[in-house]
Each structure stands twice: as C-alpha cells, then as structure tokens.
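Data block below; observations after.
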Amino acid sequence: MLAKPYAIVILSAALFFTGLSQAAERKVIMPKGDEPSRLYSPGIEANGFIFTSGQLAIDPTSGKLVEGIEAQTRLALANLRRVLEAGGSSMDKLVKVNVYLSNIDDYAAMNKIYAESFNGAPPVRTALQVGKIPLGALIEIEGIALK
C-alpha cells in the first residue's frame, strides 16, 4: 500500500495530465458563409468555453465595413453573436468581453448600443482605446463564453 503523500502525488499527476489532454482538444468554430482564414479562426471551443476573435463591423453579405460608431457597435456585436451561436453558445453565456475603440470619446455611444445586447447581468468587460483597428474600424469586440 502506498503512503498517503505518494498517493496524493500520483493522483495529482494523473489529474494534471488528464487536464492537459483535455486542454489540447479544441474545435474551430466557423459561422455559415464565412471563409476560412490561414491567419485566425473566428472562434475556438476548448474545455467548455468559446473564445472568439475580435469582431469588426463587417457586413457578412457585402464584406464591407459599415460607418458610424453606433452602426459599427451593433454589427460587431451581431458578428460576435454569429460566432457564439455557431459554437452552440449565446450572448447571455458570455463571461468576458474586450472592447477596443479607436477613439475613447465613442465610449458613451458604444455603451448605449452594448447595453441592448444583454438580458440579465452583463459579462465582465474591459473597454479601452487602442492606436488603430484593422480596416480603419472604430470598434472591435471579442469575447469568452460558456458553451
């Protein structure tokens, strides 16, 4: 029979390596109609979470960036929702959101639209101004949600 400290070490190692093998399992999430990219995945499912790439306000049908902070916030959130739903999640299952603004003066306008997206307690969030966002976008939004 193993002494208690040895049994604990063996059990801990088994749990650790089981966790590593589960962490290595991940599934790419691709909303219908999106083209695969060699640079990034729209979303990844891993260990019961959905991790999304930053979503811009690009219309999925036209491929064009919409104009204005309100319209861009609304469409970036809609694109975030598309990725989450493609992975079997939803906006209400978001636990963490990062919002990147090209101009912090757009914070209040973004917040007005953002608040419309959640029914219950909103997820934790970081919002900050960054230097530049790809394609000259005014906002980019990424999130982590429960599956």
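All values reported here derive from a predicted model rather than from experimental measurement.
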Between Asp106 (side chain) and Ala109 (backbone), is there a donor-acceptor pair under 3.5 Å?
no
Are the side chains of Val83 and Pro42 in contact, using a 4.5 Å heavy-atom criterion?
yes
Tell me, with the steps shown, if Leu84 and Leu94 meet side-chain contact (heavy atoms from CB on, under 4.5 Å).
CA-CA 9 Å; Leu84 293 173; Leu94 277 165; 3.8 Å; yes
Are Ile104 and Met110 joined in one hydrophobic group, where the rule is that I, L, V, M, F, W and Y side chains link up if heavy atoms are under 4.5 Å apart?
yes
More than 12 foreign heavy atoms under 6.0 Å from CD of Glu116: is that the case here?
yes
Contacts of Tyr100 that satisfy ring-ring contact (aromatic ring centres under 6.0 Å, His included) - sequence neighbours left out
none
Which residues share a side chain to side chain donor-acceptor pair (under 3.5 Å) with Arg81, sequence neighbours left out
none
Does a side-chain heavy-atom distance below 4.5 Å link Gln72 with Leu65?
yes
Where do Leu77 and Asn79 land on the side-chain contact (heavy atoms from CB on, under 4.5 Å) test, with the steps shown first?
CA-CA 5 Å; Leu77 286 164; Asn79 289 339; over 6 Å; no
Any luck finding a side-chain donor-acceptor pair between Asn111 and Arg125 under 3.5 Å?
yes
Okay, side chain of Glu140, backbone of Leu101: is any donor-acceptor separation there less than 3.5 Å?
no
Polar side-chain atom of Ser41 near backbone of Gly43 as donor-acceptor pair, under 3.5 Å
no
Closest approach of Lys93 to Gly88 (non-hydrogen atoms, all atoms of both residues)
NZ-O, 4.4 Å
Between Phe49 and Lys147, is any pair of side-chain heavy atoms under 4.5 Å apart?
no
Using side chain to side chain contact (heavy atoms under 4.5 Å, CB included) as the criterion, point out the one residue from Ile133, Thr73, Ile69 that pairs with Leu138.
Ile69
In this structure, are over 12 heavy atoms from other groups packed under 6.0 Å from Lys27 atom NZ?
no
Nearest heavy atoms of Arg82 and Asp34, plus distance in Å:
NH2-OD1, 2.9 Å
For Ile139 and Val99, run side-chain contact (heavy atoms from CB on, under 4.5 Å): C-alpha distance rounded to whole Å, both residues' side-chain angles, the deciding distance at 0.1 Å, then the answer.
CA-CA 7 Å; Ile139 188 168; Val99 176; 3.7 Å; yes
Do Lys96 and Pro123 touch side chain to side chain, with heavy atoms closer than 4.5 Å?
no
Output for pair (Leu128 CG, Asn98 CG), nearest 0.5 Å, gives 7.5 Å
Examine Ile141 and Leu135 and state if one hydrophobic cluster contains both, with Ile, Leu, Val, Met, Phe, Trp and Tyr joined whenever side-chain heavy atoms are less than 4.5 Å apart.
no
Would you indicate whether the side-chain heavy atoms of Tyr40 and Ser37 approach each other to under 4.5 Å?
yes
Pairs meeting criterion ring-ring contact (aromatic ring centres under 6.0 Å, His included) with involvement of residues 71-97, two or more places apart
none
Walk me through whether Asp59 and Leu75 qualify under side-chain contact (heavy atoms from CB on, under 4.5 Å).
CA-CA 7 Å; Asp59 185 312; Leu75 188 52; 4.2 Å; yes
Is the charged tip of Arg26 near the ring of Phe51: under 6.0 Å from the six-membered ring centre and within 45° of its axis?
no
Verify whether one side chain among Asp92 and Ser90 offers a donor that lies under 3.5 Å from an acceptor in the other.
no
If I compare all heavy atoms of Gly87 with all of Glu45, which pair ends up nearest, and what's the gap?
O-OE1, 4.3 Å
Closer than 3.5 angstrom, by distance alone: can the side chain of Glu70 be matched with the main-chain N or O of Gly68 as a donor-acceptor pair?
no
Which atom pair, heavy atoms only, marks the closest approach of Gly143 to Leu80?
N-CD1, 4.0 Å
Output for pair (Asn103 CG, Gln129 CD), nearest 0.5 Å, gives 5.5 Å
Does Lys112 NZ have over 12 foreign heavy atoms under 6.0 Å away?
no
Could you tell me which non-hydrogen atom of Ser89 sits nearest to which non-hydrogen atom of Ile50, and how far apart they are?
CB-CG1, 3.9 Å
